[in-house]
Amino acid sequence: MNAPATPAEVRRQHGSVRAEDLASLEMIRKLVSFDTTSRDSNLALIDWVRGYLDGYGISSSLTFDDDGRKANLFATLPAQDGNVTTGGIVLSGHTDVVPVDGQPWDTAPFEVTQQGDSLVGRGVTDMKSFLAVGLTFVPEFMRRGLRKPVHLAMSYDEEVGCIGVRRLIADIVAKGISPSGCIVGEPTGMQLVVAHKGKKSWRCRVRGFEAHSSLTPLGVNAVQIACEIVAFIARRARAFRDDGDKDDAYDVPYTTVHVGTIHGGTALNIVPRDCAFDFEIRNLPFDEPDAFFAEVKTYAESFLPAMRAVAQDTHIDFDVLSATPGFDTHGGSDITALGCACNGTDQFGKVSFGTEASLFHNANVPTVICGPGHIAQAHQPNEWVALDQIARCEAFMRRLADQVCVN
Ligand SMILES: [Zn+2]
């Protein structure tokens, strides 16, 4: 199953990869140079990619958000027989990145800086390097001719709940495009991943009643009630860990729940009226997010009688923030076999973080995840990716070309 070694692979086996071995370095620099923080427009990047693909005679179709400030790009490299709809594979990734606000960066985040054997910059791991490698191989795919189409899918608003890609998928379904598989290039250390957990998140808002803090019995302390609910969630986290079902193929082999933010109160001498916190579950397929939520809600509601005995207009409300299903192919699919061939190994695993993979999977496009860098390096200040990982991604893409090209 070993495809011909590249210069970069040879270097990897005999020493560290050099930046000049990499075909995709300039493309990575280019994509990172666009500040595509999720809250901002990604259209400058999308326009640039569109122009790049145009240069190879490949047209792109865009689907926009409600304001027209952000777009998904979907482009098809046609098969040699002109087929653009049936079979083939999707190379998929998101264009947005998480904010750099408040993070202690030592380099300019929207420039790629080489430091030793790694590249530093926002998005080098999550996940512009995979997109850059895919784009770099477009001329090779076209030159060698394709047996089946290769589609490029680049989404917006992944980092805020896999929002954008839903429109892209709806659009390709509406156009009758039916790929036989999808590779999502989220950072997996170039390990093939065939399953990930689901994720659902909520905001809890506790409305109490203000009073002078010397008169606490006259108030309803929203911060303290919120903290009771937070403590309940922490107990559930321990129960999932200690008593829940496990799947040891995952990096974290049980369902996790956690509280990520909490805001409440205005001053120490005021019984706080408001407190809000955000929490999430990352569930294995056999744990149901809504069952967990129902437990939290029931527990929260147990405070209401005492709250309302002090002040009628007190309440606890919940909003759903995001929901991304999990998926598990159990390794038994053609796309897994293709991924193994491209990676030159039969090994595959499962991960805890959510991706757009489950949305393709649920649209009947069998999907795997494989991309350069590690999730632990994502979302960090000084986000970095090893040159070796880029080299492996290029080797993966070259073997993919061997699999899907005529010549
Ligand atoms: Zn990502």
Side-chain angles (χ1 to χ4, degrees), residues 24 27-28 31-32 34-40 42 45-46 49 70-73 90-100 103 109-110 112 119-135 152-169 182-201 250-252 260 280 282 321-327 349-361 367-386 389-390 393 396:
S24 54
M27 187 68 79
I28 296 170
L31 297 189
V32 170
F34 295 100
D35 175 354
T36 50
T37 305
S38 305
R39 64 176 173 240
D40 298 323
N42 71 341
L45 181 150
I46 292 291
V49 171
K70 303 175 193 174
N72 301 304
L73 180 149
V90 183
L91 300 176
S92 171
H94 59 84
T95 61
D96 58 321
V97 295
V98 295
V100 298
Q103 292 189 335
F110 298 104
V112 171
L119 304 176
V120 181
R122 172 56 86 222
V124 292
T125 279
D126 188 12
M127 55 170 288
K128 288 178 170 174
S129 291
F130 176 84
L131 293 176
V133 173
L135 290 170
L152 303 175
M154 299 174 61
S155 65
Y156 66 87
D157 277 358
E158 189 273 348
E159 295 289 4
V160 290
C162 297
I163 308 283
V165 78
R166 297 168 203 252
R167 292 186 179 189
L168 182 152
I169 292 171
C182 174
I183 300 166
V184 174
E186 287 281 353
T188 64
M190 289 309 297
Q191 300 294 309
L192 196 70
V193 165
V194 301
H196 69 62
K197 290 180 179 176
K199 176 187 168 186
K200 193 159 184 179
S201 60
Y250 285 88
D251 42 1
V252 179
E280 67 172 27
R282 299 204 177 229
L321 298 180
S322 72
T324 308
F327 83 107
K350 304 180 180 184
V351 295
S352 298
F353 57 92
T355 75
E356 298 172 339
S358 57
L359 301 172
F360 282 99
H361 183 82
T367 300
V368 291
I369 312 164
C370 190
H374 297 274
I375 197 68
Q377 295 151 12
H379 300 194
Q380 297 285 321
N382 305 319
E383 178 178 344
W384 59 277
V385 67
Q389 285 285 310
I390 308 295
C393 188
F396 181 100

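Keep in mind it's a predicted model, so treat the numbers as computed, not measured. Each ligand, and each atom within it, is numbered from 1 in the order the structure gives.
With rounding to the nearest 0.5 Å, the separation of CG in D157 from OG1 in T95 is 8.5 Å.
If you run side-chain contact (heavy atoms from CB on, under 4.5 Å) between H94 and each of N72, D126, T355, V165, only D126 comes through. Paired with K128 under the rule side-chain contact (heavy atoms from CB on, under 4.5 Å), one option of V97, I28, D96 passes, and it is V97.
When you scan the N, O or S atoms of D126 for the one nearest the Zn ion (ligand 1), you land on OD1.
Expressed to the nearest 10°, the angle at the Zn ion (ligand 1) joining NE2 in H94 with OE2 in E186 is 80°.
In this structure, H361 and F327 have tilted ring planes: the angle between them lies in the 30° to 60° band.
Metal site remark for the Zn ion (ligand 1): E159 contributes no N, O or S atom at a distance under 2.8 Å.
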